[in-house]
Structures are given as structure tokens and as C-alpha cells.
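What follows is one structure encoded as C-alpha cells, with my remarks underneath.
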Amino acid sequence: MRRSTTFRTMSALAMAGTMAAGTVMAGGDRDQNDRRGAVAKNVIFFVGDGMGVSTITATRVYSVGVAGNLVVDQFPYTALSRTYSADSITPDSAPTMTAMMTGANTNAGVIGLDDSTEFLDFNGDGDGRRLTTLLEQAKRGGMKVGVVSTARITHATPAATFAHINDRNDESSIARQALPGDSAYNDQLGDGIDLLFGGGRQFFVPNTVVDEEGGSGSRTDGRDLRAEFRGKGYSYVWNTAGFNNLTTRSLPVLGLFERGHMEYEYDRASDAGGEPSLTDMTLKAIDLLKNGQARRGQKSGYFLMVEGGRIDHAHHEGNALRALHDAQELDRAIGAAVRAVDLRDTLIIVSADHSHVFNIAGYPLRPLNEMPYPVRSFDPGYASLAGNGILDVVYDVNTATGHVEPSGDANGVPYSALVYANGPGYRGATRVDPRTDTFRGRNGIVPNGPAHEAYFQESAVPMGSETHSAEEVAIYAIGAGSDLVRGTVKNTFIYRVMARALGF
Ligand SMILES: [Zn+2]
């Protein structure tokens with residue numbers, strides 16, 4: 001999306017609310033010292049799971065070209081967020097989403113419990129203190145609350161908005177923490193989360209039962225939580241048709257659109273029951289939370305968390321195409337949200353839980369139609385670069401001849417622009433031209449070049465699953481209270497920005 005007049009107007013509106021700068025203590029912890037407070041009635045928090053800065057750059061090139069603008073590129077306030085967990089240099093989603101939702105850092109694999117808690121209590125000394133999430137605070141304050149993800153709704157990132165557990169993998173228990181009246185129910189959620197959209201149906205269905213799309217359940221306790229949520233007044237939907245029929249009278253609502261994670265955006269059209277896109281879910285969630293019938297004691301205002309949950313999964317698979325496609329869809333959902341809300345009373349904040357060991361390598365030349373000087377001679381592939389040059393081999397101009405040709409490695413062999421430091425794409429000692437590489441990719445398929453949907457980008461270290469990385473991620477903010485977002489901060493600062501905007 002290019003910068004539009006409409007968008008500029010909205011940015012100007014957002015910035016009109018900017019207040020005088022607060023005191024910044026030299027060398028101090030700025031999140032403790034900043035006391036400004038533009039008030040927001042609503043907060044929408046977008047999380048790109050695994051959406052590091054290199055992913056954003058590559059997504060920009062892929063979708064709008066290297067000089068184009070994503071929606072987030074147009075946000076007026078940005079910062080860098082440090083993602084380390086209490087026990088790890090490179091974190092997983094459980095402690096980082098806990099940090100962003102509670103303002104407190106914790107340990108690997110732990111959700112909503114403080115940093116004296118070990119994963120699965122491996123020291124046998126009991127769990128630490130239970131933390132309070134922003135979603136719980138919003139619920140207590142009479143706001144409506146919603147959780148949307150393309151991952152399983154019980155997966156670490158969405159779970160950290162509402163659950164407290166020392167094992168992120170115990171998703172059967174996490175589902176019960178959201179079920180009003182259950183003995184494991186998180187009673188800080190009052191009468192319940194107003195809206196849940198995502199995947200993860202398997203943790204709501206017994207392992208003896210086949211679900212609506214022919215998948216088996218995973219629950220070993222024989223309980224069907226779909227029916228139990230309905231018994232507590234929830235509307236339950238599982239496909240596009242049911243989703244499209246939801247109205248402002250449907251709250252509270254539970255939408256589980258896939259047995260496991262929802263489809264990658266790239267594959268969504270092939271889904272059996274049909275799935276809404278992340279943009280569809282975001283717009284529906286805003287409509288229902290904003291205009292839905294108030295339950296007892298509810299005031300106006302809402303908190304909504306939206307996760308693009310599968311950017312991370314595609315990276316773990318070593319498949320950049322799907323990661324970029326999902327990141328592009330998240331950016332589209334953010335743009336739709338900006339247009340759907342009033343930025344004078346709504347804070348939109350975007351970040352990531354962590355980055356990935358994903359990189360843009362070499363010196364790829366820009367596409368032919370973007371070149372500032374005449375390019376008279378080139379290898380044929382250059383005229384039709386995949387993904388605006390980002391999903392192709394690296395082309396460069398031979399400055400002796402003016403001819404554009406693939407760049408070579410130390411042995412003269414071409415290489416692709418996107419690479420991973422580790423993961424399933426390890427080729428062994430002898431690498432070959434990616435355009436003719438027969439290394440098997442996703443589902444054992446031999447790809448047809450680096451832009452093919454099955455292609456695994458090359459990695460330096462062989463690993464079954466590519467890993468996260470420790471570098472900073474970006475924060476982008478617009479709307480009420482967004483002016484607090486600047487500088488280099490710990491990810492716990494995101495909680496403070498949201499909490500302050502809502503007056504907590
Ligand atoms: Zn991950």
C-alpha cells in the first residue's frame with residue numbers, strides 16, 4: 001500500500017494528540033520514568049510471531065518493492081524491542097508474550113507466571129507468582145476483550161493473553177482456563193473472553209471424536225469443549241459460512257477454524273471447510289467488540305490481540321515464501337484495522353515476539369524496471385525476477401561489461417537472496433545453483449527454483465527446525481497514546497504503553 005491522502009490525514013489526527021515530551025533519565029529505565037498519558041478507549045495489539053526486521057524488509061520487497069511502503073512503514077512512532085527472556089538470550093513465544101501482556105519477564109516455556117517458575121517446574125520447588133495480563137485488567141475494567149490468531153488459539157502467544165501455566169505445550173489445560181465455570185477456569189476473566197478466533201480445535205474435541213473437517217480430537221479426558229462453551233452461552237463457528245453469519249448479537253463467540261493451526265495464507269484457498277483470512281477475522285472482531293451487545297456491567301471500549309501466528313512456523317520450516325505471504329497478510333490486516341477505527345480514541349501497536357535466523361544475502365540488483373541507468377544486456381532470468389528480486393538468485397551487474405548476471409559464491413555458483421543460518425535447507429558440503437537444485441523441499445517435493453512453493457532456502461547448519469534469533473524486533477504504533485513508543489526498550493515496555501493508554 002502506497003502512502004495515501006486518507007492515511008496521512010489519519011496520521012495527522014493521531015499526532016494532533018501528541019503531548020509535551022516527558023523526562024527521560026539518562027541511563028535510566030525509561031519505561032519507569034515516562035509519565036505522559038494520552039487516553040485510549042480501545043487498544044489493538046498486533047503480534048507477528050517471528051516477524052523480525054529482516055522478515056519485514058523481505059516482505060516489503062516481495063509485496064511492494066524495496067522502495068515501497070508497508071502499512072507499518074507509515075506508522076508515526078517506532079522503537080526497538082529487546083526480547084531476551086529471564087533465562088535465555090534467545091527466547092520462545094511464551095516468556096515474550098507474557099512480557100508484552102504483563103510487563104514482567106519470565107522463563108522459556110512459561111506462560112503468565114513469574115520468573116521464579118521453571119518450565120514444568122523441573123526444580124520441583126513449585127511455581128512462582130501468577131502475573132496479571134492486560135486482557136484480564138481490561139476485562140475487570142468492563143471492556144470487551146478478544147483474541148485472534150492464525151495459530152492454535154491455545155498456542156503460546158494467544159495463550160499468554162489469558163492463561164497461567166508452567167508448560168506451554170499443555171494446550172488441553174490451556175483451553176480449560178478459558179472455559180467459564182471449569183475447575184481450571186481463570187476467574188480473572190470474569191464472565192469470559194468475549195471473542196476467540198483461531199485454530200486448535202483438537203484441544204476442544206475428545207480423541208475419540210472426528211471433528212467437522214474430518215480431523216481427530218486430542219483431548220484424553222473425553223470432554224467436548226465445543227459443547228461446553230455453547231453451554232456457557234458462546235456462539236461456536238468452525239468455517240467461513242458460520243463466520244460470515246456472525247453478527248453483533250453473537251457475542252460471546254468461539255471460532256475454531258482448523259484442527260491444528262489455521263492454513264498458511266498461501267494455502268488458505270485449499271481448506272476443506274473454508275477459513276476466514278486474518279484480515280477478515282480482524283475486521284469482524286473489531287465490529288463485534290465495538291458494536292456487540294454489552295454483557296452485564298460492560299462499558300464501552302475493547303482490547304483486541306491479533307496474532308499473525310504462522311510467519312514463525314514457515315520460518316521454522318525453512319520456507320520463506322509462506323513466511324512472507326503471512327507477514328504480508330498481517331500487514332493487510334493492520335491496514336484494515338487502521339481504516340476501521342478512530343485513531344483519536346484507539347491505540348494500534350504492532351510488534352513481534354522474537355526474530356528468526358533469516359537473512360537477505362549478497363547484493364541483489366533491483367528489478368529492471370526500477371533501475372536508474374540503462375541496462376542493455378542481461379541473463380534472461382533478470383527480466384522476470386521472482387518476488388521483485390527477493391525470491392530469486394542474486395543478480396548483479398558486471399561492471400567490466402555492463403552485463404547483468406547471477407552473482408557467484410567462492411566457487412562461482414549462484415546463490416539465492418534469502419538464506420537461513422540453520423534449518424532443514426542444509427545442502428551438505430557441495431552446493432549447486434538454486435535454479436537447478438533438486439534438493440527436496442516441503443512434503444518431499446523437488447522444487448523448480450528458489451521461488452517454488454516447496455523450496456527450502458539454504459541453511460548453514462543442518463537442523464530439522466530452523467530457530468529463533470536473539471536480535472531486537474521493531475515496535476510500530478499509531479493512534480491514542482502511541483507517542484510513548486520510541487527508543488530501545490525491553491519488550492515489557494509494550495505492556496506499559498498499552499496499560500498507560502487505557503489508564504490502568
Ligand atoms: Zn517459533
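Order of listing sets the numbers, starting from 1, for every ligand and every atom in it. We count residues from 1, following the sequence as given.
We find that Arg226 and Asp211 are not joined by a salt bridge, their nearest charged nitrogen and carboxylate oxygen being 4.0 Å or further apart. At a threshold of 4.0 Å, the pair Lys139-Glu136 does not count as salt-bridged, since none of the basic side-chain nitrogens sits closer than that to a carboxylate oxygen. With respect to the salt-bridge test (charged N to carboxylate O, under 4.0 angstrom), the residues Arg431 and Glu458 qualify. A salt bridge does not link Asp267 with Arg310: none of the charged nitrogens is closer than 4.0 Å to a carboxylate oxygen.
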Show your reasoning for whether salt bridge (charged side-chain N to carboxylate O under 4.0 Å, His left out) applies to Arg152 and Glu171. CA-CA 9 Å; Arg152 297 189 296 262; Glu171 297 185 48; 2.7 Å; yes

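The side chain to side chain contact (heavy atoms under 4.5 Å, CB included) check on Gln137 picks up Thr132, Leu134, Arg140, Tyr495, Phe504, with sequence neighbours excluded.
Protein atoms of type N, O or S found under 2.8 Å from the Zn ion (ligand 1) total 4.
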